[in-house]
A.B. asks: 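Input: one structure, supplied below.
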Amino acid sequence: MEFEAVIGLEVHAQLLTQSKLFCGCSTRFGAKPNSQTCPVCLGLPGVLPVLNEQAVNLAIRAGLALHCEIQLRSIWARKNYFYPDLPKGYQISQFEKPLALRGHLDIVVNEKPYKIHITRIHMEEDAGKLLHEHGDEKSSHVDLNRAGTPLVEIVSEPDIRSALEAGEYLRSLRAILQYCEVCDGNMEEGSLRCDANVSIRPIGQKEFGTRTELKNINSFRYVEKAIEYEIKRQKACIEAGEKIVQETRLWDSARNVTEPMRSKEHAHDYRYFPDPDLVPLILADGQINEIKKNLPELPKAMAARFVKDYQLSDYDAGVLTSEKSLARFFESALSHHNQPKAIANWIQTELLRLLKESGKSIEVSPVSPLQVASLLRLVDGGTISGKIAKVVFEEMFQTGKDAEIIVKEKNLVQVSDSGSLEKTIDAVIATNPKQYEQYRSGKDKLFGFFVGQVMKETKGQANPNMVNDLLKKKLSS
Amino acid sequence: MVLKADDIEKAALLSRLALSDEEKKSIQEKLEQILGYMEKLEELDLKNVEATSHAVSLSNVFRPDHAYTSKEIEDILEQAPDKASGMFRVPKVIG
């Protein structure tokens, strides 16, 4: 039997605010445990939460960027459950009346377009963090720095049909949130987290199968791998005549499997009710329009502009706009040297390769946009060859030095002096009389051999166009 | 409104309350009274009344996004039932 997967994603994104959702504690990552807590986020009796206005603005921005209908009235609810990372015994969230409804995100997978609908976006506070591995078998430690951090939860419709689509949805979503400066998108630090609801059904069947919820998938790679594994597992289950159990499963990235979460939790019963501490959030059309007017250029629009203004291919424009910081890098380099294609190629082939090899992100690239522009200016001006430029670039990447300095220090200036090149060519012909004879008697392919020899003699520093011209002349005279 | 013993046990479990049989019985009676009073409200025609989400008619109470450091954490940790290396210590929850 042929099956298809039905996948919906729930993404939690941390809003880029200075302070928490309902108190003034900092949201900075990596601080000393519990140093960013106060009576409000610790849930002490008698405190009153007060809503962070900037968090609301950012959530509206996210809603607009994802084509949602922003709700003019939304309210706060308490989601009740007991867990040591939740000091109040409830999470302040939105339930009945969330901030935004009915949006969508367009993605492209293998050149095919898909529209993934978004059910809702609501605001809520994050929980704290539990630490288990500290050499103490019997206890867990609680760090509440993260408790109360503002989040939006973005819930998709079950429109996704493959692990690849899920990965692309998540990548596009992250790019949009980064572009509109709603979330930094850092999955390692937990600013972007993803849960996946996965089920399968025979192709053609309308009803959904029983779904499982996958958690603990904190990288793009894991999202795709975990979903792929889960689809396979469910197929095998059904083919063996078993029933899928509705449950939460954790992705184990060391063993590449999903496993049922061992939990003493009873069936979820959150008993949501309106939070009496928080008054309704009422928005005006004018305010929403103002935020809409100031939405920054989003990745799709920017990619289209790159294609139109810079004549880049769709693929190149897609890669360059996949992260805001990468697009910025490209446009910054372009402002110093107006050669879009050359710069686009250089970033994609050389810079991204070296960044990947060294495990660095574009934000901390040891080479600046200006430095890339200056290097390519040397190539276009004929000072160095493209081949030498790659060597120079590796050194720039290692040392952070400017191209001009490395070229000067290592004496890598391209030989464009025809007198000196002619001498080298004469010498190469003289030392290879046999090949010269063969070339003369019609073996044209040997031209490449002579080019190679000249480049070798000049340590790659000869101007390749001049070498071609001069060689042609010499070999046929 | 009649409640079953199961309802009380579930509510107690969700609230993490350990109740004696006597307490369960007393709470059952009280809850039945409260819910009975609520049922009375259902006699009203409320079709065109929006559900109340807040008792006072206020909206949009905001604070600006400024971070500050609270100095209370040391005192609060001092009062915690159990602590270790600047963190609250609780019985192990996983594994």
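The chains referred to below are lettered A, B, ... by the order of the sequence lines, with proteins before strands, and numbering in each begins at 1.
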A.B. asks: Closest heavy-atom contact between Val90(B) and Pro84(A)?
C.D. replies: CG2-CB, 3.9 Å
A.B. asks: Does any backbone or side-chain atom of Ala55(B) lie under 4.5 Å from a heavy atom of chain A? Answer side chain, backbone, both or neither.
C.D. replies: neither
A.B. asks: Show the numbers, then the answer: is there a side-chain contact (heavy atoms from CB on, under 4.5 Å) between Val61(B) and Leu51(A)?
C.D. replies: CA-CA 7 Å; Val61(B) 177; Leu51(A) 181 58; over 6 Å; no
A.B. asks: Counting heavy-atom pairs closer than 4.5 Å to chain B, which one of Lys32(A), Arg271(A), Arg73(A), Lys138(A) comes out on top?
C.D. replies: Arg271(A)
A.B. asks: Quick one: CD on Glu74(B) to OG on Ser35(A), what's the gap to the nearest 0.5 Å?
C.D. replies: 10.0 Å
A.B. asks: Is any side-chain heavy atom of Leu144(A) closer than 4.5 Å to a side-chain heavy atom of Phe88(B)?
C.D. replies: yes
A.B. asks: Under a 4.5 Å heavy-atom cutoff, which of Cys23(A), Cys25(A), Ala77(A) has the most pairs with chain B?
C.D. replies: Cys23(A)
A.B. asks: Which answer fits Lys97(A), side chain, backbone, both or neither, if we ask what part of it has an atom under 4.5 Å from a heavy atom of chain B?
C.D. replies: side chain
A.B. asks: Who wins among Gln18(A), Glu96(A), Gln54(A) for the most heavy-atom pairs under 4.5 Å with chain B?
C.D. replies: Gln18(A)
A.B. asks: Is there side-chain contact between Met87(B) and Leu131(A), with at least one heavy-atom pair below 4.5 Å?
C.D. replies: yes
A.B. asks: Is any side-chain heavy atom of Leu42(A) closer than 4.5 Å to one of Ile73(B)?
C.D. replies: yes
A.B. asks: Nearest 0.5 angstrom please: Ser59(B) OG to Leu283(A) CG, how far?
C.D. replies: 9.5 Å
A.B. asks: Pick one of side chain, backbone, both or neither for Gln79(B), based on which atoms fall under 4.5 Å of a heavy atom in chain A.
C.D. replies: neither
A.B. asks: Quick check on Leu58(B) against chain A: is it the side chain, the backbone, both or neither that has a heavy atom closer than 4.5 Å?
C.D. replies: both
A.B. asks: Please give me the minimum heavy-atom distance between Lys92(B) and His132(A), naming the atom from each residue.
C.D. replies: NZ-O, 3.3 Å
A.B. asks: List the steps and the verdict of side-chain hydrogen bond (donor to acceptor under 3.5 Å, both in side chains) for Ser19(A) and Arg63(B).
C.D. replies: CA-CA 10 Å; Ser19(A) 63; Arg63(B) 40 169 282 272; 2.5 Å; yes
A.B. asks: How about Ser140(A) and Pro91(B): do any of their side-chain heavy atoms sit closer than 4.5 Å?
C.D. replies: no
A.B. asks: What's the shortest heavy-atom distance between Asp275(A) and His54(B), and which atoms?
C.D. replies: O-CD2, 4.0 Å
A.B. asks: Could you tell me if the side chain of Val56(A) sits less than 4.5 Å from the side chain of Phe62(B), heavy atoms only?
C.D. replies: yes
A.B. asks: Measuring heavy-atom distances to chain B, does Leu21(A) have an atom under 4.5 Å in its side chain, in its backbone, in both, or in neither?
C.D. replies: backbone
A.B. asks: Looking at side-chain heavy atoms only, is the closest gap between Leu281(A) and Asn60(B) below 4.5 Å?
C.D. replies: yes
A.B. asks: At what distance, to the nearest 0.5 angstrom, does CG of Leu77(B) lie from CG of Asn34(A)?
C.D. replies: 5.5 Å
A.B. asks: Where on Arg28(A) is there a heavy atom nearer than 4.5 Å to chain B: the side chain, the backbone, both, or neither?
C.D. replies: neither
A.B. asks: Working to the nearest 0.5 angstrom, can you tell me the gap between Asp65(B) CG and Leu58(A) CG?
C.D. replies: 8.0 Å
A.B. asks: Give a yes or no on this: more than 12 heavy atoms of other residues, nucleotides or ligands lie within 6.0 Å of atom NZ of Lys24(B).
C.D. replies: yes
A.B. asks: Is it true that atom CD of Glu22(B) has more than 12 heavy atoms of other residues, nucleotides or ligands lying nearer than 6.0 Å?
C.D. replies: no
A.B. asks: Using heavy-atom distances under 4.5 Å, tell me whether Phe273(A) contacts chain B through its side chain, its backbone, both, or neither.
C.D. replies: neither
A.B. asks: Measure distances from Lys71(B) to the heavy atoms of chain A and classify the residue's part below 4.5 Å as side chain, backbone, both or neither.
C.D. replies: neither
A.B. asks: Against chain B, label Ile75(A) side chain, backbone, both or neither, depending on which of its atoms sit under 4.5 Å from a heavy atom there.
C.D. replies: side chain
A.B. asks: If I take atom CZ from residue Phe82(A) and atom CG from residue Leu13(B), how far apart are they, to the nearest 0.5 angstrom?
C.D. replies: 10.0 Å
